[in-house]
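Every chain is numbered from 1, with letters handed out A, B, ... down the list of sequences.
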Protein chains: 2
Amino acid sequence: MIDRKEKIAQASMQLFVERGFHNTSTRIIAEEAGVSEGLIFRHFRSKDTLLDFLLQQGADEMYQAVAEVISEHEPKVFFSKLVDSFFDIPSDRFDYWRLRSQIQSIRTEWEPEEWERYLREGVLRMFKKMGFSKFEHEAELLYQSLSGIRDGIVRGQIYEPEALRELVKKKYRL
Amino acid sequence: MIDRKEKIAQASMQLFVERGFHNTSTRIIAEEAGVSEGLIFRHFRSKDTLLDFLLQQGADEMYQAVAEVISEHEPKVFFSKLVDSFFDIPSDRFDYWRLRSQIQSIRTEWEPEEWERYLREGVLRMFKKMGFSKFEHEAELLYQSLSGIRDGIVRGQIYEPEALRELVKKKYRL
DNA sequence: GATAATTGTAAGTGATTACTCACTTTGTTA
DNA sequence: TAACAAAGTGAGTAATCACTTACAATTATC
């Protein structure tokens with residue numbers, strides 16, 4: 001017994017990342033998932049809905065992960081967890097990040113998701129609490145830097161992430 | 001007298017960034033550029049060739065910019081120029097960076113361009129020269145961080161780039 | 001075990017795609 | 001100005017696109 005809907009989701013995720021959303025036809029998704037083309041539209045109303053489903057799945061997981069970081073009030077532990085959350089991306093979630101980055105560069109109306117605003121506010125609050133004079137800019141810098149590193153990781157451009165993680169933590173005295 | 005080839009290049013750059021490469025038809029490019037569709041294929045053999053042309057144009061400019069940074073041998077000035085090169089992106093080049101980011105997430109066979117390898121080697125060499133113990137990781141960290149910031153800038157996510165620039169320079173004692 | 005909903009298929013649909021081709025217009029040079 | 005090349009056009013092309021529809025198989029409910 002196979003969950004065909006999940007099969008479609010997995011196949012489309014892989015194809016969207018490999019070939020790009022607009023360069024992936026519903027025909028090839030069906031082929032790769034081993035189902036008929038019509039079934040895609042039975043489970044997901046349109047190709048766009050399918051994409052939204054994939055993005056939502058990832059966003060839900062991120063919300064959980066962010067909540068775990070934000071709930072920490074002890075500064076040192078907070079920042080340690082924060083940094084770790086950018087480095088400890090399970091490899092089976094690489095595709096989500098790559099898809100997100102792709103769609104972000106295609107959809108002009110892209111707005112930060114809830115988990116992202118949530119996280120950024122949390123970082124800001126913690127820098128302020130710790131008494132940094134320019135806490136807004138410190139928060140911005142750390143967030144953008146970590147985002148750059150995460151992009152590098154999921155694109156396979158960073159060979160020694162562990163060494164990088166230690167270095168980041170050292171710079172923030174963690 | 002108008003250079004139609006340049007018109008096509010400009011229109012397609014804008015459209016590729018706004019709607020995505022695979023979601024932009026040659027028909028709409030022709031419309032936007034005010035030329036016939038056939039002319040696109042007279043000047044550029046295919047839609048892919050047109051894309052390559054746009055990416056090459058940007059890469060050529062980057063090569064120049066990188067050479068200017070690399071040629072600097074005084075550490076403090078080198079790093080100052082390096083940081084500035086990531087912050088001082090003329091707004092009419094934002095599209096190039098956004099296009100590059102989009103294509104990078106679609107083309108799996110993407111490899112770092114010459115200017116990029118050139119720049120990274122330069123940063124590495126300078127960190128080594130300055131006697132950093134973990135110069136490879138320092139170079140990696142700085143490069144990925146700056147890349148993340150550049151992405152943020154061209155996506156309009158950073159409201160006070162100047163403050164961020166000063167903060168980065170301060171951290172590296174420039 | 002009959003009924004009804006759900007899940008699945010295969011063969012369509014009109015619209016759109018990148019690209020071609022036969023042709024005309026414009027520019028250059030002897 | 002004749003001759004040739006380069007630039008430009010617009011109506012084609014076959015292929016592919018996302019999506020629909022009529023129907024069959026499976027599963028759930030009583």
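The distance between atom CG of B/L39 and atom P of C/dT20, rounded to the nearest whole Å, is 14 Å. Between A/I40 atom CD1 and C/dT9 atom C1' the separation is 13 Å, expressed in whole Å. The separation between B/I29 atom CD1 and C/dT16 atom P is 17 Å, rounded to whole Å. In this entry the distance linking CG of A/D3 with C1' of C/dT6 reads 14 Å, nearest Å. For A/H43 and C/dT9, the NE2 to C1' distance is 12 Å, given to the nearest whole Å. A/F44 has its CZ atom 12 Å from the P atom of C/dT7, to the nearest Å. When the C1' atom of C/dA10 is taken as reference, atom CD of A/E31 falls 14 Å away, rounded to whole Å. Residue B/F16 contributes atom CZ, which lies 9 Å from atom P of C/dA18 at whole-angstrom precision.
Note: the hydrophobic cluster containing B/F132 also contains B/L82 (ILVMFWY, side chain heavy atoms under 4.5 Å, direct or indirect links).
Listed pair B/R42 / D/dA6 fails the phosphate criterion, with no side-chain N or O lying under 4.0 Å from OP1 or OP2.
Note that the CD atom of A/Q104 and the CZ atom of B/R155 stand 4.0 Å from one another [nearest 0.5 Å].
A cation-pi arrangement is present between B/K5 and B/F44 under the rule of less than 6.0 angstrom and at most 45 degrees off the ring axis.
Put simply, the side chain of B/E72 gets close to the backbone of B/E74: a donor and an acceptor are under 3.5 Å apart.
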All N/O donor-acceptor pairs, side-chain side in residues 119-126 of chain A, below 3.5 Å, sequence neighbours left out:
| unit_1 | atom_1 | unit_2 | atom_2 | d |
| --- | --- | --- | --- | --- |
| A/R120 | NH2 | A/E140 | OE1 | 3.1 |
| A/R120 | NH2 | A/E140 | OE2 | 2.9 |

Under 3.5 Å, which N/O atoms of the protein pair with N/O atoms of nucleotides 16-18 of chain D?
| unit_1 | atom_1 | unit_2 | atom_2 | d |
| --- | --- | --- | --- | --- |
| D/dA18 | OP1 | A/T24 | O | 3.2 |
| D/dA18 | OP1 | A/K47 | NZ | 2.7 |
| D/dA18 | OP2 | A/T26 | N | 2.8 |
| D/dA18 | OP2 | A/T26 | OG1 | 3.2 |

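Pairs engaging residues 55-64 of chain B under the salt bridge (Lys or Arg N to Asp or Glu O under 4.0 Å) rule: B/E61-B/R93 [sequence neighbours left out].
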